[in-house]
Amino acid sequence: QVQLVESGGGLVQAGGSLRLSCAASGRTFSPYALGWFRQAPGKEREFVTAISWSGGTTYYGDSVKGRFTISRDNAKNTVYLQMNSLEPEDTAVYYCAAYYSGRGDWASRSLTDYRYWGQGTQVTVSS
C-alpha cells in the first residue's frame with residue numbers, strides 16, 4: 001500500500017498562489033496514478049486534477065483549468081499542485097490520493113477509483 005502526506009496549505013489572499021506537496025511512501029515501486037481532490041464545508045469531495053504514472057497525461061476540473069498545475073517527481077515520490085490566481089471559492093481541504101494504475105498513460109478522475117488517501121491540508125483564500 002501507499003502512504004500519502006500532504007503539506008503546503010495555508011491562508012492566502014485572493015489572487016495569490018500556493019504550492020501543495022504530497023509525499024508518497026510504502027510500496028511506491030509499483031506504478032500508481034495520483035490525484036488531488038478537495039472538499040469545502042457542507043459540500044461533497046470533488047475532483048481537482050490527476051496525473052498518470054509517467055506524468056505524460058494530466059486532467060483538470062473545469063473550475064481550476066488554466067490556474068492549477070499538477071506535476072510529479074517519481075525519483076522523490078512526490079506530487080505537486082501549483083495553485084495560481086486563487087479565489088475564495090478554492091477554499092477547502094485538499095486531499096492527495098493514489099491508486100495502482102499500471103504503466104498506462106492515464107489517470108482516473110473518479111473519486112471511487114482512488115484507494116489511498118492523505119489526511120488533507122487546509123487551503124483558505126480570503127477575499
Side-chain angles (χ1 to χ4, degrees):
Q1 60 181 10
V2 176
Q3 292 81 44
L4 303 168
V5 178
E6 303 98 335
S7 60
L11 174 64
V12 64
Q13 288 188 330
S17 299
L18 278 176
R19 189 174 85 151
L20 305 183
S21 299
C22 174
S25 62
R27 190 184 159 202
T28 57
F29 51 86
S30 294
Y32 55 97
L34 285 158
W36 287 95
F37 294 79
R38 67 186 182 185
Q39 188 166 18
K43 295 188 177 181
E44 294 185 351
R45 194 169 298 188
E46 67 170 354
F47 170 76
V48 176
T49 180
I51 188 167
S52 63
W53 164 248
S54 70
T57 300
T58 57
Y59 302 101
Y60 295 92
D62 289 341
S63 62
V64 306
K65 279 181 183 176
R67 300 188 298 122
F68 290 12
T69 303
I70 189 171
S71 61
R72 67 188 292 168
D73 184 341
N74 286 345
K76 296 182 179 179
N77 293 318
T78 301
V79 63
Y80 305 97
L81 179 60
Q82 178 65 45
M83 305 185 294
N84 298 329
S85 302
L86 283 162
E87 304 167 352
E89 293 73 23
D90 295 316
T91 295
V93 177
Y94 283 71
Y95 297 92
C96 175
Y99 70 97
Y100 290 113
S101 60
R103 295 189 180 275
D105 200 22
W106 73 286
S108 175
R109 285 164 276 196
S110 173
L111 180 150
T112 57
D113 285 332
Y114 287 80
R115 181 172 182 181
Y116 305 104
W117 292 82
Q119 81 288 352
T121 185
Q122 177 70 47
V123 171
T124 303
V125 184
S126 62
S127 57

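Count residues from 1 along the sequence.
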Rounded distance (nearest 0.5 Å) linking atom CG of L34 with atom OG of S52:
9.5 Å
Flag if over 12 foreign heavy atoms under 6.0 Å of CD, E44
no
My understanding is that only residues two or more places apart in sequence, or in another chain, count here; which of them pass ring-ring contact (aromatic ring centres under 6.0 Å, His included) with F68?
none
For the side chain of Q119 and the backbone of V5, is there at least one donor-acceptor N/O pair under 3.5 Å apart?
no
Heavy-atom closest contact (I51 atom, T58 atom, distance):
CG1-CG2, 3.7 Å
Does the side chain of Y60 reach to within under 4.5 Å of the side chain of I70, using non-hydrogen atoms?
yes
Nearest non-hydrogen partners of A107 and A33, listed with the distance:
CB-CB, 3.9 Å
Within 45° cone and under 6.0 Å: R27 NZ/CZ vs Y100 ring:
yes
Between F47 and F37, how do the two ring planes meet: parallel, tilted or perpendicular, split at 30° and 60°?
perpendicular
Mind checking the CH2-CG spacing from W36 to L20? Nearest 0.5 Å is all I need.
4.5 Å
Over all atoms of both residues, closest heavy-atom pair of S108 and A50:
O-CB, 3.5 Å
Flag the pair R103 / S54 as yes when at least one side-chain heavy-atom distance between them is below 4.5 Å, and no otherwise.
no
I'd like to check N74 versus W53 (side-chain heavy atoms, cut-off strictly below 4.5 Å). Are they in contact?
yes
Hydrogens and angles aside, do D73 and T78 bring a side-chain donor and acceptor to less than 3.5 Å of each other?
no
Nearest non-hydrogen partners of A92 and R38, listed with the distance:
CB-CB, 3.8 Å
What distance separates L86 CG from Q13 CD, expressed to the nearest 0.5 Å?
11.5 Å
Could you grab the distance from atom CG of L11 to atom CD of Q122, nearest 0.5 Å is fine?
9.5 Å
Does V12 belong to the same Ile/Leu/Val/Met/Phe/Trp/Tyr cluster as L81, with side-chain heavy atoms less than 4.5 Å apart forming each link?
yes
Quick one, Y114 and Y95 - any side-chain contact, counting heavy atoms below 4.5 Å?
no
Distance under 6.0 Å and angle within 45° of ring axis: R19 vs Y80:
yes
Just jot down the ring-ring contact (aromatic ring centres under 6.0 Å, His included) partners of Y59, sequence neighbours excluded, or say none.
none
Kindly compute the distance separating CG (N77) from CD (Q3), expressed to the nearest 0.5 Å.
11.5 Å
Check the side chains of S110 and T112 for a donor-acceptor pair under 3.5 angstrom, ignoring hydrogens and angles.
yes
Heavy atoms of S85 and D90 approach each other most closely as O-OD2, 4.4 Å
Quick one, M83 and R67 - any side-chain contact, counting heavy atoms below 4.5 Å?
no
Taking L111 as the starting point, is it possible to reach Y99 by hopping between hydrophobic residues whose side chains are less than 4.5 Å apart?
yes
May I ask you to establish whether R72 and Y32 are in a cation-pi arrangement, using a distance under 6.0 Å from NZ or CZ to the six-membered ring centre and at most 45° from the ring axis?
yes
Once you round to the nearest 0.5 Å, how far does OG of S30 lie from CD of Q1?
12.5 Å
Heavy-atom nearest pair, C96 first then L4, reads O-CD1, 3.7 Å
